[in-house]
Amino acid sequence: MKKSLFDQASILFSGLFFLSTGYLDEQFCQVEDLQDEASPNFVEEVVTLFFKDSGRLMSNIEQALEKYPRDFNRWDAYMQQLKGSCSSIGASRMKNECMSFRDSCGQGNVEGCMRSFQKVKREHAVLRQKLESYFQLLRQAGSAGAATRPVM
């Protein structure tokens, strides 16, 4: 039996938020709770802004890693900004990798910073793909094209 688009979106949301995958945390649900009829695409707009901002921050970090070798204070300051962005939308796996990077900065561990940053970029790409799929399914399933959280 073929699942409805709404059922597919519910399954995708479960895979993002529940089932111990940890991509998103309760903060994402709080952002979704702010969406209403006056701004039916609020969550998608917030997520779009997050990816724009996080892309810029990751570019800044990448440049700092190249231009300022062993400047752990600078690296840490940039990563703190990215961690804050992750926290604001509930991107918990990304946030955790940001914290690992910052721990490596505190230890003066260049290799650990580089490894953690690669993980941050990987988590960013996976989260983007999953959320794009989620919003696409919700737009297809929604009556007016508004992305809203499926009822679990």
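Partners of S88 according to the side-chain hydrogen bond (donor to acceptor under 3.5 Å, both in side chains) rule, which considers only residues two or more places apart in sequence or in another chain, do not exist here. In this structure S59 satisfies the side chain to side chain contact (heavy atoms under 4.5 Å, CB included) test together with Q63, sequence neighbours excluded. For E37, there are no side-chain hydrogen bond (donor to acceptor under 3.5 Å, both in side chains) partners, not counting sequence neighbours. F51 pairs by the ring pair (Phe, Tyr, Trp, His ring centres under 6.0 Å) definition with H124, not counting sequence neighbours. Remark: R122 pairs with no residue by the salt bridge (Lys or Arg N to Asp or Glu O under 4.0 Å) rule, at least two apart or across chains. Partners of D76 by side-chain hydrogen bond (donor to acceptor under 3.5 Å, both in side chains), not counting sequence neighbours, listed by chain and number: R102.
Among all heavy-atom pairs drawn from F50 and A91, the shortest one is CZ-CB, 4.4 Å. Smallest separation of non-hydrogen atoms from C98 and K83: CB-CB, 3.8 Å.
Atom CZ of R128 sits about 10.0 Å away from atom CE of M94, to the nearest 0.5 Å. Taking CG of L131 as the reference point, atom CD1 of I89 lies at 6.5 Å (rounded to 0.5 Å). S104 OG to M79 CE: the interatomic distance, rounded to the nearest 0.5 Å, is 9.5 Å. Atom CG in D36 sits 9.0 Å away from atom CZ in F42 (nearest 0.5 Å). The distance from atom OH of Y78 to atom CG of L57, rounded to the nearest 0.5 Å, is 9.5 Å. Put simply, NZ on K95 and CD on E123 are 13.0 Å apart, with the number rounded to the nearest 0.5 Å.
At distances below 3.5 Å, at least one donor-acceptor pair connects side-chain atoms of S92 with backbone N or O atoms of G22.
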Worked check of side chain to side chain contact (heavy atoms under 4.5 Å, CB included) between C113 and C105: CA-CA 6 Å; C113 288; C105 282; 3.6 Å; yes
Verdict with supporting geometry, N96 and M99, side chain to side chain contact (heavy atoms under 4.5 Å, CB included): CA-CA 5 Å; N96 291 340; M99 292 183 339; 3.8 Å; yes
F135 vs V43, side chain to side chain contact (heavy atoms under 4.5 Å, CB included): CA-CA, chis, key distance, verdict: CA-CA 9 Å; F135 289 123; V43 176; 3.7 Å; yes
Stepwise side chain to side chain donor-acceptor pair (under 3.5 Å) check, E44 with T48: CA-CA 6 Å; E44 190 169 7; T48 298; 5.4 Å; no
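Screening residues 80-109 for ring pair (Phe, Tyr, Trp, His ring centres under 6.0 Å), with sequence neighbours left out, gives no hits.
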Tabulate below the donor-acceptor pairs under 3.5 Å that side-chain atoms of residues 114-121 make, not counting sequence neighbours, or state none.
| from | atom 1 | to | atom 2 | distance (Å) |
| --- | --- | --- | --- | --- |
| R115 | NH1 | E111 | OE1 | 3.4 |
| S116 | OG | G112 | O | 3.1 |
| K121 | NZ | E62 | OE2 | 2.9 |

Name each donor-acceptor pair under 3.5 Å that joins a side chain in residues 66-74 to protein atoms two or more places apart or in another chain, with its distance.
| from | atom 1 | to | atom 2 | distance (Å) |
| --- | --- | --- | --- | --- |
| D71 | OD1 | R74 | N | 3.2 |
| D71 | OD2 | R74 | NE | 3.0 |

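Using modelled atom types, one finds no donor on one side chain facing an acceptor on the other under 3.5 Å when comparing Q35 with S39.
Contact annotation: the side chain of L24 approaches that of L127 to within less than 4.5 Å [non-hydrogen atoms, C-beta and beyond].
No single ILVMFWY cluster, assembled from side-chain heavy atoms under 4.5 Å apart, contains both L49 and L34.
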